[in-house]
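Okay, structure first, notes after.
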Amino acid sequence: MTRHQPEPEPQRQPEPDTGRDPAAPAGRAAPAPDPAELPGGAAVEAEEIGLKGPRGWVFREVTVEAAPGSVVALTGASGTGRTCLLLALTGRMKLTEGEARIGGLRLRKQAAAVRRTAALAHVPGVDDLEPSLTVGEHLRERVLLQRRYGTAPLAALKAALRSPRQRRADARRVHDEALAAAGLDLATLPKGPRTAVRDLERLERLRLCVALALIGRPRLIAVDDVDLKLSAPLREEAWALLASVAASGVTVLAVCGEAPAGLPGDVPLVVVVTDRATGARTAEDAPAEPAPKADNTDETEKETADALAETGRA
């Protein structure tokens with residue numbers, strides 16, 4: 001009588017790591033975390049980026065490297081693409097060349113995620129305040145918009161399960177934290193929260209814009225024309241405000257006419273000098289004396305405006 005020997009069981013090979021959650025259905029990758037919920041500020045890494053409009057290059061050969069919680073000062077003559085560079089680094093304008101990463105997100109392929117991470121604090125022509133509305137109305141509107149559109153789906157579901165009293169308390173806490181971070185004391189305004197925006201001083205408007213941006217708890221904020229029409233003491237206050245925001249962990253992009261020599265509290269400062277002839281240079285490569293204004297200022301401003309119209313605004 002012949003006995004059949006049992007066949008040996010085949011050895012299982014270890015499955016390759018595909019980066020997929022084992023509990024997730026087959027063929028589906030695990031969902032990426034919401035960028036707005038990631039801790040800390042966003043690092044800015046850009047290499048040889050450029051943007052071209054119908055009249056030519058708005059900016060070109062820009063290289064930026066800034067750690068989270070830094071202040072990046074974009075300075076240069078008017079018409080050299082400073083505002084367009086600011087909007088491009090926040091995902092509001094599409095790059096023509098080069099590659100950049102904002103908080104680890106690829107700017108050219110993940111612009112929507114970058115926009116959820118970065119907030120515009122003061123960019124005239126893009127996020128202007130309504131002069132006839134009061135300070136309190138702007139703040140309440142931003143809190144409501146953030147609750148409705150600026151919250152991740154899971155966080156929105158958790159918030160919906162809270163009681164109305166808890167939701168009001170959460171909104172008040174976010175409101176107060178943003179005002180404190182921006183250094184805006186409503187009690188010092190002429191009519192308190194009922195003060196119209198048209199009655200605010202320029203530095204008070206800047207503080208309000210920063211507070212509105214911080215309500216969304218971004219990892220990066222962008223500010224345009226920081227030192228425009230400000231005296232020397234007010235410029236110091238404006239830079240101290242941005243330094244305090246950066247010290248809290250939020251990266252700050254700021255367009256200015258003249259970059260400061262340093263920031264309070266040893267906050268890291270990265271200076272990028274835009275120049276139409278040479279693209280952009282870091283502060284170490286900038287000339288000791290400011291270059292004279294070119295005669296084609298009107299032409300370059302037209303090119304910037306055309307680029308804005310061509311690429312669109314968020």
Side-chain angles (χ1 to χ4, degrees), residues 71-75 78 82-87 89-90 92 115 118-146 150 171-172 174-218 220-248 250-260 263-264 267 304 308 313-314:
V71 174
V72 182
L74 309 176
T75 184
S78 177
R82 299 174 304 172
T83 301
C84 291
L85 176 58
L86 184 80
L87 294 174
L89 290 175
T90 55
R92 271 74 178 182
R115 287 194 293 271
L120 301 182
H122 178 265
V123 182
V126 179
D127 66 339
D128 295 306
L129 301 175
E130 177 58 47
S132 61
L133 295 182
T134 65
V135 174
E137 288 171 339
H138 275 92
L139 291 169
R140 287 193 297 272
E141 178 188 52
R142 184 59 62 90
V143 170
L144 291 174
L145 290 174
Q146 177 64 27
R172 171 57 61 179
V174 173
H175 170 279
D176 294 342
E177 289 176 354
L179 288 177
L184 182 61
D185 187 1
L186 299 182
T188 62
L189 301 180
K191 297 181 181 179
R194 295 184 292 108
T195 304
V197 169
R198 66 166 65 93
D199 298 329
L200 296 177
E201 300 292 339
R202 184 167 181 83
L203 186 58
E204 292 173 339
R205 287 194 182 196
L206 176 61
R207 292 186 184 277
L208 176 58
C209 291
V210 171
L212 293 174
L214 292 177
I215 286 177
R217 296 180 177 177
L220 181 147
I221 66 171
V223 186
D224 195 11
D225 293 334
V226 174
D227 54 357
L228 182 65
K229 298 181 181 179
L230 290 181
S231 61
L234 293 181
R235 283 199 300 269
E236 292 182 2
E237 289 189 40
W239 286 112
L241 165 63
L242 300 183
S244 66
V245 173
S248 68
V250 180
T251 307
V252 179
L253 298 179
V255 171
C256 58
E258 182 180 357
L263 295 174
V267 173
T304 302
L308 284 169
R313 297 168 177 165

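Only this structure's heavy atoms are used, side chains among them; waters, hydrogens and symmetry mates stay out.
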Step-by-step side chain to side chain contact (heavy atoms under 4.5 Å, CB included) determination, Ile215 to Leu139
CA-CA 9 Å; Ile215 286 177; Leu139 291 169; 4.2 Å; yes
Heavy-atom closest contact (Leu86 atom, Ala254 atom, distance):
CD1-N, 4.4 Å
Roughly how far, to the nearest 0.5 Å, is the CD atom of Glu201 from the CG atom of Leu189?
10.5 Å
Run the numbers on Thr90 and Val123 for side chain to side chain contact (heavy atoms under 4.5 Å, CB included), then give the verdict.
CA-CA 12 Å; Thr90 55; Val123 182; over 6 Å; no
Residues two or more places apart in sequence or in another chain: which of them pass side-chain contact (heavy atoms from CB on, under 4.5 Å) with Ala247?
Val267
Out of curiosity, Leu206 CG to Leu200 CG, how far, rounded to the nearest 0.5 Å?
11.5 Å
Nearest heavy-atom contact between Val223 and Ala121 is CG2-CB, 3.8 Å
Looking at residues at least two apart in the chain, or sitting in another chain, which of them share a side-chain contact (heavy atoms from CB on, under 4.5 Å) with Cys209?
His122, Leu129
Would you mind reporting whether Leu120 and Leu87 have side-chain heavy atoms less than 4.5 Å apart?
yes
Mind checking whether Glu141 and Leu212 have side chains closer than 4.5 Å, heavy atoms only?
no
What are the two closest heavy atoms between Leu263 and Ala243, and how far apart are they?
CB-CB, 4.2 Å
Please list, chain by chain and in numerical order, all residues satisfying side-chain contact (heavy atoms from CB on, under 4.5 Å) with Asp128, sequence neighbours excluded.
Pro124
Going by salt bridge (Lys or Arg N to Asp or Glu O under 4.0 Å), name the residues that satisfy it together with Glu237, two or more places apart in sequence or in a different chain.
Arg207
What pairs meet the side chain to side chain donor-acceptor pair (under 3.5 Å) rule with one or both residues in residues 187-196, with sequence neighbours excluded?
none
Please identify which of these residues, Leu242, Val255, Leu74, meets the side chain to side chain contact (heavy atoms under 4.5 Å, CB included) condition with Val226.
Leu242
Checking Arg202 now: which residues fulfil salt bridge (Lys or Arg N to Asp or Glu O under 4.0 Å) with it, not counting sequence neighbours?
none
Heavy-atom closest pair, residues Ala73 and Ala259:
CB-CB, 4.1 Å
What distance do Leu214 atom CG and Leu179 atom CG have between them, rounded to the nearest 0.5 Å?
9.5 Å
Looking at every heavy atom in both Ala196 and Pro131, which two are closest together, and how far apart are they?
CB-O, 4.0 Å
Candidates Val250, Val245, Val252 - the one meeting side chain to side chain contact (heavy atoms under 4.5 Å, CB included) with Val210:
Val245
Is the backbone N or O of Arg92 less than 3.5 Å from a side-chain atom of Arg115, with the two atoms forming a donor-acceptor pair by type?
no
At what distance, to the nearest 0.5 angstrom, does CG of Leu253 lie from CZ of Arg82?
14.0 Å
dist Leu230:CG -> Asp225:CG (nearest 0.5 Å) comes out at 10.0 Å
Spacing of Leu203 atom CG and Lys229 atom NZ [to the nearest 0.5 Å]
15.5 Å
When you look at CD of Glu130, are more than 12 heavy atoms from neighbouring residues, nucleotides or ligands closer to it than 6.0 Å?
yes
So do the side chains of Arg217 and Gln146 get within less than 4.5 Å of each other, counting heavy atoms only?
no
Looking at Cys256 and Asp227, what are the two nearest heavy atoms and their distance?
CA-OD1, 3.5 Å
